[in-house]
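The next block holds one structure in the form of structure tokens; read it before the comments.
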2 protein chains.
Amino acid sequence: MTTPAYQDCPVEDALRILTGKWRLLVLFRLCKGPQRFNALQRSLSPVTQKVLTITLRKLEADGLIWRKSANTIPPEVTYGLTEHGAALEPVLDALGRWRMGEADRSRKHTRKVQR
Amino acid sequence: MTTPAYQDCPVEDALRILTGKWRLLVLFRLCKGPQRFNALQRSLSPVTQKVLTITLRKLEADGLIWRKSANTIPPEVTYGLTEHGAALEPVLDALGRWRMGEADRSRKHTRKVQR
DNA sequence: CGGTATCCTCGGGGATACTG
DNA sequence: CAGTATCCCCGAGGATACCG
């Protein structure tokens, strides 16, 4: 990795888990129980199949989620949290309890992202 | 924002806070107390001045840190956590306690992107 | 010391089309 | 249904140089 300078805090790992626009969202969804691919995609608004797939593959590679594929036609693939992924719930929970806007700062980071 | 679809969980905020290679690191550092610019930069390994500056500015704009500048020569600028930033400590703490490798998965994100 | 000002790279993320 | 396969865009992040 490019930044091997923090032996005191395991943020390198955190960065891998949290980096990416959809990873947290997926984990949040799966906290509520296993989900099939389409259900995930629909609940995650406008994520494309490609991106969702990649996201899920990475989460799986990181050992945070599992993937169960019934080899049928039509396919039926289910995703859920592993033990290790479920261990993240305190983090997600702390995040959820944190919240940003209790004081309205009325600034939204001023991103335009207009296309 | 491009994705306004999760009223149930405040992840949009989380994404803004956690997105970026250095934000978490900076917050971790400032948990231990206010720091001057150079101290931060040195403790954060190979971050460039530009990137650190941008990171700090954004964190400031998000109300997570404050910036105190003594208008002297040479300058002396100090950064620290605001109340709101300090409220993130539970999250950082939960993250810190989580850790990745307690079971050796012996895999370090080895996605080969085989084609 | 603590910044701006430029320029560039790289890859995450998206759009679209096709498939077992 | 749950994916691959391409192509493309843009912006975060980095290198370098200069400044009050």
Side-chain angles (χ1 to χ4, degrees), chain A residues 1-5 12 15-26 29 34-62 65-80 109-115, chain B residues 1-5 12 15-26 34-62 65-80 109 111-115:
Chain A
M1 280 272 149
T2 9
T3 53
E12 350 122 19
L15 286 176
R16 176 158 56 259
I17 285 96
L18 304 166
T19 279
K21 191 169 172 181
W22 303 102
R23 311 198 94 197
L24 273 176
L25 281 319
V26 169
R29 289 298 179 281
Q35 297 273 325
R36 292 185 55 181
F37 187 89
N38 259 358
L40 272 176
Q41 190 184 356
R42 269 189 310 258
S43 81
L44 291 176
S45 59
V47 67
T48 61
Q49 285 178 333
K50 188 196 98 177
V51 171
L52 216 210
T53 302
I54 292 175
T55 303
L56 291 167
R57 294 283 190 274
K58 287 181 180 170
L59 288 171
E60 193 190 358
D62 285 337
I65 67 174
W66 48 259
R67 188 188 114 107
K68 190 182 68 180
S69 163
N71 236 19
T72 58
I73 289 179
E76 177 165 343
V77 182
T78 314
Y79 296 89
H109 200 231
T110 333
R111 309 225 82 226
K112 267 298 175 32
V113 198
Q114 209 50 272
R115 330 189 355 101
Chain B
M1 275 268 150
T2 9
T3 52
E12 349 122 20
L15 286 175
R16 177 156 58 261
I17 284 96
L18 303 166
T19 279
K21 191 166 170 182
W22 302 102
R23 313 197 93 196
L24 274 176
L25 281 319
V26 169
Q35 298 272 324
R36 293 184 55 181
F37 187 90
N38 259 356
L40 272 176
Q41 191 185 355
R42 271 189 309 261
S43 81
L44 291 177
S45 60
V47 67
T48 62
Q49 286 179 332
K50 189 196 98 177
V51 171
L52 217 210
T53 302
I54 292 175
T55 302
L56 290 167
R57 293 282 190 275
K58 286 181 180 172
L59 288 171
E60 193 191 359
D62 285 336
I65 66 173
W66 47 259
R67 188 189 114 106
K68 191 183 67 180
S69 162
N71 236 19
T72 57
I73 291 178
E76 178 167 341
V77 183
T78 314
Y79 296 89
H109 201 227
R111 297 243 93 217
K112 268 295 176 33
V113 194
Q114 209 54 268
R115 354 182 339 105

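Whole-Å rounding puts the Asn71(B) CG to dG3(C) C1' distance at 12 Å. Atoms CG (Leu56(B)) and P (dT4(C)) sit 10 Å apart, rounded to a whole Å. Rounded to whole Å, the distance from CD on Gln49(B) to P on dA5(C) is 14 Å. Going from atom CD1 of Ile54(A) over to atom C1' of dG14(C) covers 10 Å, rounded to whole Å. Atom P of nucleotide dA2(D) and atom CD of Gln35(A) are separated by 11 Å, given to the nearest angstrom. Per the geometry, CZ belonging to Phe37(B) stands 6 Å off C1' belonging to dG2(C), to the nearest Å. Atom pair Arg16(A):CZ and dG11(C):P shows a separation of 16 Å (rounding to whole Å applied). For Lys58(A) and dG3(D), the NZ to C1' distance is 17 Å, given to the nearest whole Å.
Taking only side-chain nitrogens and oxygens, Arg67(B) comes nearer than 4.0 Å to OP1 or OP2 of dG3(C). Under 4.0 angstrom from either OP1 or OP2 of dG14(D) there lies at least one side-chain N or O belonging to Lys21(B). Residue Arg36(A) places none of its side-chain N or O atoms closer than 4.0 Å to OP1 or OP2 of dG3(D). For the OP1/OP2 pair of dC1(D) and a distance below 4.0 Å, the side-chain nitrogens and oxygens of Tyr79(A) include no atom meeting the criterion.
When the side chain to side chain contact (heavy atoms under 4.5 Å, CB included) test is applied to Val77(B), the partners found at least two apart in sequence or on another chain are Arg67(B), Ser69(B), Tyr79(B).
In this structure, Thr48(B) and Arg42(A) both approach DNA chain D, and ranking their closest nucleotides by distance from the 5' end singles out Arg42(A). The nearest heavy atom of DNA chain C to Val51(A) and to Arg57(B) marks one nucleotide each, and the one closer to the 5' end goes with Arg57(B). Annotation: of the two residues near DNA chain C, Thr55(A) and Pro74(A), the 5′-most nearest-nucleotide partner is Thr55(A).
If you check dG3(C), dG3(D), dG13(D) against the side chain of Lys50(B), the one that comes closest is dG13(D). Each of dC1(C), dG3(D), dC1(D) was ranked by its minimum atom distance to the side chain of Val77(A); first place goes to dG3(D).
The backbone N or O of Val47(A) lies less than 3.5 Å from a partner atom in the side chain of Gln41(A), making a donor-acceptor pair. Ser43(A) places a side-chain N or O within 3.5 Å of a backbone atom of Leu40(A) that can act as its donor or acceptor partner.
Electrostatic pairing of Arg57(A) and Asp62(A) does not count as a salt bridge here, judged by no charged N lying under 4.0 Å from a carboxylate O.
In this structure, the side chains of Trp22(B) and Leu52(B) stay at 4.5 Å or more apart for every pair of heavy atoms.
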